[in-house]
There are 2 protein chains.
Amino acid sequence: MESSSAPSGGSTRREATRQKLYEAAVTLIAEQGFSATTVDEIAERAGVAKGTVYYNFASKSVLFEELLRHGVGLLTASLREAAEQTARDGGSKVDALDAMIRAGLVFIDRYPSFTQLYVAELWRTNRAWQSTLMVVRQQAVAVVEGVLREGVDKGEFSEEIDVPLTAAALVGMVLVAALDWKSFQPERSLDDVHAALSRLLQGRVSGRG
Amino acid sequence: MESSSAPSGGSTRREATRQKLYEAAVTLIAEQGFSATTVDEIAERAGVAKGTVYYNFASKSVLFEELLRHGVGLLTASLREAAEQTARDGGSKVDALDAMIRAGLVFIDRYPSFTQLYVAELWRTNRAWQSTLMVVRQQAVAVVEGVLREGVDKGEFSEEIDVPLTAAALVGMVLVAALDWKSFQPERSLDDVHAALSRLLQGRVSGRG
DNA sequence: ACTTTTGCACTGACCAGTCAGTTCAAAAAA
DNA sequence: TTTTTTGAACTGACTGGTCAGTGCAAAAGT
């Protein structure tokens with residue numbers, strides 16, 4: 001075979017091509033949707049022949065599915081890291097949630113197209129990649145749920161909170177606020193957006209500031 | 001201006017056909033996306049000939065655009081009604097927000113497909129109906145923003161809150177929680193979901209219940 | 001009378017996926 | 001060293017199929 005040779009980790013020619021295809025596909029699909037995006041477009045934007053797409057991926061759907069897995073993997077790792085870091089620093093569970101909100105914002109700031117595409121596809125039914133999507137979604141949400149549950153156990157959060165639903169609501173809060181930020185007020189700083197969401201999380205909306 | 005068996009000039013038959021087409025299109029597009037849904041499918045599900053689609057709408061895009069306008073119009077009216085009703089009853093602004101959360105949940109409960117489709121298209125760029133979508137979105141969000149602003153003026157909310165961003169976050173909270181509810185825990189009651197979101201809104205997450 | 005719907009054949013553009021052929025760097029042979 | 005071979009990676013013209021939108025005469029509704 002070949003491989004080996006390349007000293008740095010996983011930097012084969014093939015891997016580089018796949019990466020280019022991911023990047024091309026993510027922006028195009030975020031803009032236009034999966035069906036409206038052609039494989040020719042993806043290949044062209046990646047600077048690659050159409051055949052190369054099919055050499056690297058079994059089909060358009062498979063390319064998309066792997067893109068999805070790859071992206072949500074990054075997000076999940078980032079959320080987990082934020083939670084663990086807070087724990088290491090002896091922070092409370094609210095601090096952990098806050099850190100995860102920030103991690104979410106950083107992620108969306110860095111990969112806005114991916115986020116957009118994810119939201120657009122998440123609740124669709126009857127699609128080939130539906131099951132893949134549910135799995136990766138659950139991995140990400142589970143991190144939030146974990147922190148909430150630990151908070152309940154520690155007595156920091158009310159026992160009456162509905163963990164899965166609250167987790168979903170928190171994720172939605174960050175997701176929609178961030179997408180609106182990127183779409184309609186892109187000039188604002190991440191700190192600014194984070195502060196606003198932090199306030200909402202901690203119930204410091206009611207009452208004067 | 002529909003229903004009513006009044007013999008007034010405007011033909012009601014046409015209106016009924018349009019309604020059937022809306023209903024067929026909304027579920028199909030929610031499931032599959034705009035591009036993946038064919039006009040033939042829409043016509044078939046509506047129980048109508050393909051020619052009828054084009055007799056009633058200039059194109060597939062126009063049909064979709066009018067569907068979008070129609071749906072968001074219903075939501076906006078419902079939110080506005082909830083806010084006004086609360087005001088009439090002498091409720092606080094938090095009560096108004098709470099009533100709007102419920103109104104949002106009722107809407108999503110009734111029109112889950114529409115909601116799904118709306119979320120999937122909202123942050124897309126480069127699409128024909130993009131501008132239409134931004135206008136109707138703003139109409140809906142403005143209702144929430146209005147209540148927040150009034151709350152700030154009355155001293156009920158902190159002056160430091162970021163009105164547009166907080167409004168977006170609240171909408172996101174309801175949207176995502178509700179879509180998750182419908183997708184993953186459809187057996188739960190609306191009251192249940194409403195209670196969980198209410199708690200989050202009022203900062204009753206931290207501290208024991 | 002006139003509006004609306006039907007049914008169906010047709011067109012032209014567009015697109016996912018294929019495949020025979022090319023490239024080129026590294027391994028094997030000379 | 002120099003030459004030859006190998007094969008993974010890549011290419012792009014081509015195919016078979018799909019779909020938005022058209023045209024129109026006859027039927028159904030009001």
Side-chain angles (χ1 to χ4, degrees), chain A residues 1-8 10-26 28-29 31-68 121 126-129, chain B residues 1-26 28-29 31-67 121 126-129:
Chain A
M1 308 307 149
E2 42 72 51
S3 72
S4 60
S5 59
S8 60
S11 185
T12 27
R13 180 146 85 116
R14 202 155 182 213
E15 204 45 54
T17 303
R18 287 176 110 105
Q19 188 62 36
K20 279 195 295 183
L21 284 169
Y22 281 154
E23 280 161 24
V26 80
L28 286 167
I29 297 178
E31 281 168 9
Q32 306 176 326
F34 175 82
S35 303
T37 300
T38 67
V39 174
D40 287 283
E41 279 177 309
I42 295 172
E44 189 189 349
R45 174 153 328 179
V48 148
K50 186 178 190 176
T52 303
V53 176
Y54 285 93
Y55 182 76
N56 282 280
F57 299 97
S59 68
K60 186 185 171 188
S61 296
V62 168
L63 161 58
F64 184 55
E65 229 170 299
E66 299 202 3
L67 171 58
L68 236 28
E121 294 297 335
N126 296 347
R127 305 236 82 177
W129 53 80
Chain B
M1 51 191 66
E2 94 284 322
S3 66
S4 87
S5 51
S8 57
S11 62
T12 306
R13 183 147 79 113
R14 205 156 179 210
E15 205 45 55
T17 304
R18 289 176 111 107
Q19 189 62 36
K20 279 195 293 182
L21 284 169
Y22 282 154
E23 278 161 24
V26 80
L28 286 168
I29 297 178
E31 280 168 9
Q32 307 176 326
F34 177 80
S35 305
T37 301
T38 68
V39 174
D40 288 284
E41 277 178 311
I42 295 172
E44 189 189 349
R45 171 147 339 173
V48 144
K50 186 179 184 178
T52 305
V53 176
Y54 285 94
Y55 182 78
N56 282 281
F57 299 97
S59 68
K60 184 185 172 189
S61 295
V62 167
L63 161 57
F64 183 55
E65 230 170 299
E66 299 202 3
L67 169 59
E121 294 296 335
N126 296 347
R127 306 236 83 176
W129 52 80

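Between the CZ atom of B:Arg18 and the P atom of C:dT3 there is a distance of 16 Å, given to the nearest Å. The interatomic distance linking B:Phe57 (CZ) with C:dT4 (C1') rounds to 14 Å, in whole Å. When rounded to the nearest whole Å, the span between CG of B:Leu63 and P of D:dG21 equals 10 Å. Atoms CD1 (A:Ile42) and C1' (C:dG17) sit 13 Å apart, rounded to a whole Å.
For the atom pair CD of A:Glu66 and CZ of A:Phe57, the computed distance is 5.5 Å after rounding to the nearest 0.5 Å. With rounding to the nearest 0.5 Å, the separation of NZ in A:Lys60 from CD1 in A:Ile29 is 7.0 Å. Between the CG atom in B:Leu67 and the CD1 atom in B:Ile42 there is a gap of 9.0 Å [rounded to 0.5 Å]. To the nearest 0.5 Å, atom CZ of residue B:Arg18 and atom CG of residue B:Asn56 are 5.5 Å apart. A:Arg127 contributes atom CZ, which lies 6.5 Å from atom CZ of A:Phe34 (distance to the nearest 0.5 angstrom).
Judged by distance alone, the side chain of A:Glu41 and the main-chain N or O of A:Thr38 form a donor-acceptor pair under 3.5 Å.
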How does each nucleotide of nucleotides 10-20 of chain D score, in 5' to 3' order, for protein heavy atoms under 4.0 Å: base (B), sugar-phosphate only (S), or none (-)? BBB------SB
